[in-house]
There are 2 protein chains.
Amino acid sequence: MTKHKIDPRVQRTRRLIMDAFIELSSQKEFRDITVKDITIEAMINRATFYYHFHDIYDLQEKALSEVLLIKLECNESYKLNEDLFINVFKAITNFQCALSNRCHRGYEDTIARIIREQLEVIFYTVLKKEHPTHDQEALKIASGMLSWAIYGASIKWKQQTTQTSEQYIQSIIPYLMRGIA
Amino acid sequence: MTKHKIDPRVQRTRRLIMDAFIELSSQKEFRDITVKDITIEAMINRATFYYHFHDIYDLQEKALSEVLLIKLECNESYKLNEDLFINVFKAITNFQCALSNRCHRGYEDTIARIIREQLEVIFYTVLKKEHPTHDQEALKIASGMLSWAIYGASIKWKQQTTQTSEQYIQSIIPYLMRGIA
DNA sequence: CGTAATATGTTGCTTATACGACATATTGAT
DNA sequence: ATCAATATGTCGTATAAGCAACATATTACG
């Protein structure tokens, strides 16, 4: 049960805006999508857009975060183990490949930040559950380092062509597991 | 271009309500569908439902009219000829068959009225276009009689089992065409 | 480079929708 | 037949969304 119920109109309108962005992003590059495009596709007023989002960049981040979140398929049964790393790595590499022809220059930093932030939340949640008595700050640092590490691995993976993402992450999991679990 | 623009919120909300009704009517009989069911399925407030519809019966009529309208596939190129009668007849018999297992007793009159009203509008529009100088009242009477006739034929068709709806209407078209075109 | 067209961002006001409360009606169970 | 549960219908209030207008910024074109 949600502790705080969101107004259904807000849910619907945000859904309309997010879906409009996703639809438009399959038709044109991110930098060519305007707030006007969004409002036409979603059939909402421009003032309504600004009621929900700061600007087009705010929407891009939130929309991409949601897309990644869906790919990550987070669930409460996640444990800090090999399966988690494999799933997470496949999700972020899939995410990056899906974006590679929609946003060239200028979005790498945004995407990188979105990926790291999502990973950090996941790792922190899992670590918190497995080590409830540990210092919160230490868990934050650990999850932050892990997210950077996984992200760095994905960048390295992209630079090579001989291994699938699953093969690649499996080859580096021993380096991840040592010193954590 | 519409001469009067409808508020997008009104359009969206009515769409939600109509779609909720259609969805529910594939799961339960009409008489078992409540306003509460509709508001849950559509995710709208009960007061909002009453803002748009008088009661559940008002919704049923409007929703069914829309379903029939879609089946009729009205377009501006319609002419009062054999094709029109065949299309119209197939649409209303299809409509009646689709409903036959969702609303038993108590809805025949509502459905009959919906069918006749839609047919009357279609026939009047076509007659008006083909005989623009004719007396408006005479055109109304002619379209009314035609709609009753076609509806009556559909009732007769249901009572027999040897002919398809298309065969049936073709066998009675000569009786319809004489005295009109 | 200058100008026109287009997009952005904001504002005040209006309309549509949500909520909770309430009285009444209907339905289901005993 | 009675009572409890559920549904209906309405109301006052609050919030979200739409509209038109406006000033400013950006983009496209000649």
Side-chain angles (χ1 to χ4, degrees), chain A residues 1-25 27-63 66 102-107 110, chain B residues 1-25 27-63 66 102-107 110:
Chain A
M1 160 184 309
T2 64
K3 57 168 79 77
H4 176 252
K5 188 178 186 302
I6 302 177
D7 193 307
R9 295 170 291 184
V10 167
Q11 287 183 333
R12 280 198 288 272
T13 302
R14 280 187 180 159
R15 181 78 276 135
L16 288 171
I17 296 171
M18 293 282 201
D19 289 350
F21 177 75
I22 298 303
E23 173 59 31
L24 287 165
S25 69
Q27 296 167 15
K28 49 168 77 174
E29 284 190 31
F30 285 2
R31 78 157 143 317
D32 296 325
I33 298 173
T34 67
V35 169
K36 184 180 164 73
D37 289 333
I38 298 288
T39 58
I40 291 172
E41 177 73 21
M43 289 183 273
I44 61 156
N45 194 260
R46 188 165 61 251
T48 304
F49 175 90
Y50 287 104
Y51 179 85
H52 288 271
F53 296 94
H54 208 258
D55 53 21
I56 190 70
Y57 305 107
D58 188 21
L59 167 60
Q60 283 170 355
E61 282 207 35
K62 282 167 172 142
E66 184 184 87
R102 294 188 203 164
C103 40
H104 296 307
R105 218 164 290 283
Y107 285 90
T110 298
Chain B
M1 160 188 306
T2 63
K3 58 168 75 76
H4 175 252
K5 188 177 187 304
I6 302 176
D7 192 307
R9 295 171 291 182
V10 168
Q11 287 182 333
R12 280 198 288 274
T13 302
R14 282 189 179 157
R15 181 77 277 135
L16 287 171
I17 296 170
M18 294 282 201
D19 288 349
F21 177 75
I22 298 302
E23 174 61 29
L24 286 164
S25 69
Q27 297 169 14
K28 47 168 81 172
E29 283 189 34
F30 285 2
R31 76 159 147 316
D32 295 326
I33 297 173
T34 66
V35 169
K36 182 179 164 73
D37 288 334
I38 297 288
T39 58
I40 291 172
E41 175 74 22
M43 290 184 272
I44 62 158
N45 194 260
R46 190 165 61 250
T48 306
F49 176 89
Y50 288 103
Y51 180 86
H52 290 271
F53 296 94
H54 208 259
D55 53 21
I56 190 72
Y57 306 106
D58 189 21
L59 168 61
Q60 283 170 355
E61 283 206 37
K62 284 169 171 139
E66 185 184 85
R102 295 189 202 163
C103 41
H104 295 308
R105 218 165 290 284
Y107 286 91
T110 298

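At a cut-off of 3.5 angstrom, counting only N and O atoms as typed in the model, there is no donor on one side facing an acceptor on the other between the side-chain of B:R9 and the base of C:dT17.
Overall bending of the helix from C:dC1-D:dG30 to C:dT30-D:dA1, expressed as the angle between end axes built from five pairs apiece, is 60° (10° steps).
Across all their heavy atoms, A:A42 and A:L16 have their closest contact at CB-O, 3.6 Å. Residues B:D55 and B:D58 approach most closely at OD1-N, 2.9 Å, considering heavy atoms.
Taking a heavy-atom distance under 4.0 Å as the criterion, the stretch of DNA chain D touched by chain B extends 5' to 3' from D:dA7 to D:dC19.
Within residues 15-25 of chain B, no residue approaches DNA chain D, by heavy-atom distance under 4.0 Å. If you check residues 46-61 of chain B against DNA chain C, the residues with a heavy atom closer than 4.0 Å are B:R46, B:A47, B:T48, B:Y51, B:H52, listed by number.
Across the interface with DNA chain C, nearest-nucleotide mapping of A:R12 and A:V35 shows A:V35 to be the residue nearer the 5′ end.
Screening residues 44-54 of chain B for side chain to side chain donor-acceptor pair (under 3.5 Å), with sequence neighbours left out, gives B:R14-B:H52.
The six-membered or imidazole ring of B:F30 lies away from that of B:Y57, with a centre-to-centre distance of 6.0 Å or more.
The CG-P distance, from B:D32 to C:dT26, rounds to 17 Å in whole Å. If you take CG of A:N45 and P of C:dG9, they are 15 Å apart, rounded to a whole angstrom. The CD1-P distance, from B:I6 to C:dT14, rounds to 22 Å in whole Å.
Of the residues A:I38, A:I17, A:V35, the one that meets the side chain to side chain contact (heavy atoms under 4.5 Å, CB included) test with A:F53 is A:I17.
Atom CZ in B:R9 sits 9.0 Å away from atom CZ in A:R9 (nearest 0.5 Å). Rounding to the nearest 0.5 angstrom, the gap separating the OH atom in B:Y107 from the CD atom in B:Q60 is 3.5 Å. Note: B:E41 CD to B:T34 OG1 = 11.5 Å, rounded to the nearest 0.5 Å. A:R12 contributes atom CZ, which lies 8.5 Å from atom CZ of B:R12 (distance to the nearest 0.5 angstrom).
Between B:S25 and B:I33 the shortest side-chain heavy-atom distance falls below 4.5 Å.
Salt bridge annotation for B:R15-B:E66: present, with a cationic side-chain nitrogen under 4.0 angstrom from a carboxylate oxygen.
Residues that satisfy the side-chain hydrogen bond (donor to acceptor under 3.5 Å, both in side chains) test with A:Q27, not counting sequence neighbours, are A:E23.
A:R14 comes within 4.0 angstrom of nothing in the nucleic acid, heavy atoms only.
Of the possible polar contacts, one joining the A:T39 side chain to the A:K36 backbone as a donor-acceptor pair under 3.5 Å is found.
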